[in-house]
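Just so it is clear: chains get the letters A, B, ... in the order the sequence lines come, proteins before strands, and each one is counted from 1.
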Amino acid sequence: MLDPKFVRENIELVKKSLENRNYDISLEEFLKAEEEKRLLQQKADELRNKRNVVSEEIGKLRSQKKDASELIKEMKVVSDTIKGFDEKLKLLEDSTINFLLNVPNIPHETVPVGKDETCNVEIRRWGEPKNFDFEPLNHWDIGEILGIIDFERASKIAGARFSIMKGSGAKLERALMNFMLDNNISNGYTEVFPPIIVNRESMQGTGQLPKFEAELFRIVDPEFYLIPTAEVPVTNIHRNEILNEKDLPIYYTAYTPCFRREAGSYGKDVRGLIRQHQFNKVEMVKFVKPEDSFNELESLTNNAEEILQKLGLPYRVVVLCTGDLGFSAAKTYDIEVWLPGQQKYREISSCSNFTDYQARRANIRFKREGKKGTEFVHTLNGSGLAIGRTLVAILENYQQKDGSVVIPEVLRPYMKLEVIKNTINP
RNA sequence: GGAGAGGUGGCCGAGCCGGUCGAAGGCAGCCGCCUGCUAAGCGGUUGUGGGGGUAAAACCUCACCCAGGGUUCGAAUCCCUGCCUCUCCGCCA
């Protein structure tokens, strides 16, 4: 959420931001309501002050056994007036907050302005897409040949966009989790394993609600939401807290399953592991001081890249333009891994700085040493990495002519295996 | 699932037959005094958010004693609902 005071004082900047993000929202109504709210609040506060003073007076008269019925009568009217003001105030407050909850974060000045994903800008590449001396297969074909992924039975159990990992496939999934967690831990992140169903307040704290309800799986009775990313529970760890300056920065990493409805993506990636309703992910989350957050975004992104480098998977980093930038983010780098089966770079990580946007929603503050008052922290997060997609990348990049898949060196201690051999369909 | 206890400031802990309670007392923290140094001791001070005010402060004011409603001229204190914690019983990975 943006600071109402900030919006009030930076109308042009906010308008520009909305325009660059292709949002068609007018600020006029909000500003009017905001102004009205402040005036009304002043009036109500004055009356409350009067009531406080006179009520105390009544108390004194009472204790002296003197008559106070005139004052009581008078205050009854005042109280009714206050009640009326409060009702109006509540409506105005609701409408201003509701408005702000639907206004996206302001993109950082280094974010390229552009309409849609075609305007994203590639920042760097690492590794060379390998030349195969045979036609590289899609991961779902590899999975079938090796007997390590079963989509058909998964759809029997749950439905479309689910999968069963089997044998060496399941083991590879597990190895990736552990390798990624260990790597993040060695980069200074503290491992956490949070709840994966959460309450409404948490979803609102990180910005999934109220705007993106359609993306979420929901449990109706009692009301809970399945997390679409570990960002939700992990960022909310410090909801409604005031942290000490000396505690910052805080780095967390978490493995969790993630659940997404994928509404509106019916035609896309219908085959394979790329777009599933349930998938595993290792996430990195940071709480930092405002002045550090954009440097922290660079190191966060580097931490994610390091994993791909160690796995020997070619990738590129792109910075999202204003039109493609996520709702709560001020700046986002997507990391895209090379998939030989698709001859394309595909997103495998998304690293974002949310500045104070989530912190204000979730009310996460910190106190500077020797300074009065509090400030909102800046929050960041990034995948490090999406496990299913990493597994896809390994199958496709490390496939051999005979259908087998070589296990990347760094995973061998975890797998206790060097090659997933093709014993089923040689 | 059944029975009971409780949620107060950074922490501990009073208040809870309604008024002078933003809230006693203690601890911790900060400032000063004292002391050869340390400890002890003495005095002062210490929350968050909103609105107004200011160049910035000072300052004024409202709200906040788990959350949301209600009663009342007035609520930490009374009533209702919800959430959470603890103890006992049952059930269970």
Side-chain angles (χ1 to χ4, degrees), chain A residues 1-9 30-101 193-205 209 219-225 233 236-248 250 257 356-377:
Chain A
M1 185 167 90
L2 296 180
D3 182 3
K5 206 183 280 178
F6 177 88
V7 176
R8 215 154 70 208
E9 288 163 3
F30 163 78
L31 291 168
K32 229 179 88 192
E34 171 76 8
E35 175 73 16
E36 201 180 332
K37 192 189 88 186
R38 278 173 24 241
L39 285 173
L40 198 59
Q41 193 189 35
Q42 278 171 46
K43 281 199 230 164
D45 279 356
E46 269 169 42
L47 283 182
R48 254 187 266 271
N49 177 238
K50 186 175 179 189
R51 185 176 70 182
N52 287 345
V53 171
V54 176
S55 288
E56 204 178 310
E57 186 63 28
I58 291 170
K60 279 181 189 152
L61 288 174
R62 272 281 179 85
S63 67
Q64 292 165 20
K65 300 251 157 62
K66 286 183 185 161
D67 176 53
S69 55
E70 250 336 285
L71 289 178
I72 290 178
K73 217 195 248 168
E74 204 181 309
M75 284 310 102
K76 211 169 210 159
V77 178
V78 171
S79 271
D80 286 345
T81 313
I82 292 174
K83 208 171 266 180
F85 281 3
D86 280 349
E87 273 162 30
K88 272 188 222 151
L89 214 47
K90 181 97 173 57
L91 290 177
L92 287 168
E93 232 154 55
D94 287 351
S95 84
T96 51
I97 286 178
N98 215 6
F99 177 85
L100 287 173
L101 285 178
F193 189 53
I196 59 176
I197 67 175
V198 301
N199 57 32
R200 199 180 168 81
E201 289 73 46
S202 294
M203 283 297 181
Q204 186 156 310
L209 288 177
I219 295 168
V220 173
D221 185 25
E223 191 185 17
F224 281 110
Y225 293 86
N236 276 283
I237 286 175
H238 294 298
R239 175 150 52 89
N240 289 329
E241 287 186 16
I242 300 173
L243 305 165
N244 290 317
E245 181 178 18
K246 66 171 165 29
D247 296 333
L248 298 175
I250 296 172
D356 61 356
Y357 191 90
Q358 286 181 333
R360 184 169 291 105
R361 281 186 168 218
N363 191 26
I364 306 169
R365 293 170 291 165
F366 77 104
K367 202 174 173 60
R368 285 193 200 267
E369 215 79 44
K371 270 206 166 180
K372 262 190 141 180
T374 58
E375 290 173 53
F376 289 107
V377 302

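Within residues 78-99 of chain A, the residues having any heavy atom closer than 4.0 Å to RNA chain B are, in order of number, Ser79(A), Lys83(A). Less than 4.0 Å separates RNA chain B from at least one heavy atom of each of the following residues of residues 55-66 of chain A: Ser55(A), Ile58(A), Gly59(A), Arg62(A).
Phe224(A) pairs by the ring pair (Phe, Tyr, Trp, His ring centres under 6.0 Å) definition with nothing, not counting sequence neighbours. Scored by the side-chain hydrogen bond (donor to acceptor under 3.5 Å, both in side chains) test, Ser69(A) finds Asp67(A) as partners (sequence neighbours excluded). Looking at residues two or more places apart in sequence or on another chain, you find a side-chain hydrogen bond (donor to acceptor under 3.5 Å, both in side chains) between Asp356(A) and Arg360(A). Remark: Glu56(A) engages Lys60(A) in a side chain to side chain contact (heavy atoms under 4.5 Å, CB included) (not counting sequence neighbours). Legend: residues meeting side-chain hydrogen bond (donor to acceptor under 3.5 Å, both in side chains) with Lys5(A), ordered by chain and number and at least two apart, are absent. Under the rule for a ring pair (Phe, Tyr, Trp, His ring centres under 6.0 Å), Phe376(A) has no partner lying at least two apart in sequence or in another chain. Residues passing the side-chain hydrogen bond (donor to acceptor under 3.5 Å, both in side chains) test with Glu241(A), sequence neighbours excluded: His238(A). In this structure Glu35(A) satisfies the side chain to side chain contact (heavy atoms under 4.5 Å, CB included) test together with Arg38(A), Leu39(A), sequence neighbours excluded.
Dashed line: the shortest gap from a side-chain N or O of Arg38(A) to OP1 or OP2 of rG52(B) is under 4.0 Å. Between Lys76(A) and the phosphate of rG74(B), there is no side-chain N or O to OP1/OP2 separation shorter than 4.0 Å.
Across all strands shown, Lys367(A) has heavy atoms under 4.0 Å from sugar-phosphate atoms exclusively, and none from any base. Contact annotation for Lys43(A): no contact, since no heavy-atom pair falls under 4.0 Å across all strands.
Looking only at atom types and distance, the side chain of Ser95(A) has no donor-acceptor partner in the side chain of Asn98(A) under 3.5 Å away.
Using Watson-Crick or G-U wobble geometry with both donor-acceptor distances under 3.5 Å, rG29(B) finds its partner in rU45(B). In this entry rU35(B) has no Watson-Crick or G-U wobble partner, no candidate having both defining distances under 3.5 Å.
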Which pairs of donor and acceptor atoms, one on a side chain in residues 78-86 of chain A, lie under 3.5 Å apart (sequence neighbours left out)?
| unit_1 | atom_1 | unit_2 | atom_2 | d |
| --- | --- | --- | --- | --- |
| Ser79(A) | OG | Arg51(A) | NH1 | 3.2 |
| Thr81(A) | OG1 | Val77(A) | O | 2.8 |
| Asp86(A) | OD1 | Arg48(A) | NH2 | 3.0 |
| Asp86(A) | OD2 | Arg48(A) | NH1 | 3.3 |

(request) Sugar-phosphate means primed atoms, P, OP1 and OP2; the rest is base. With that split, encode nucleotides 54-63 of chain B 5' to 3' as B, S or - using protein heavy atoms under 4.0 Å. (result) ----S--SSS
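Classification of Arg239(A) and Glu201(A) as a salt-bridged pair fails, no side-chain N sitting under 4.0 Å from a carboxylate O.
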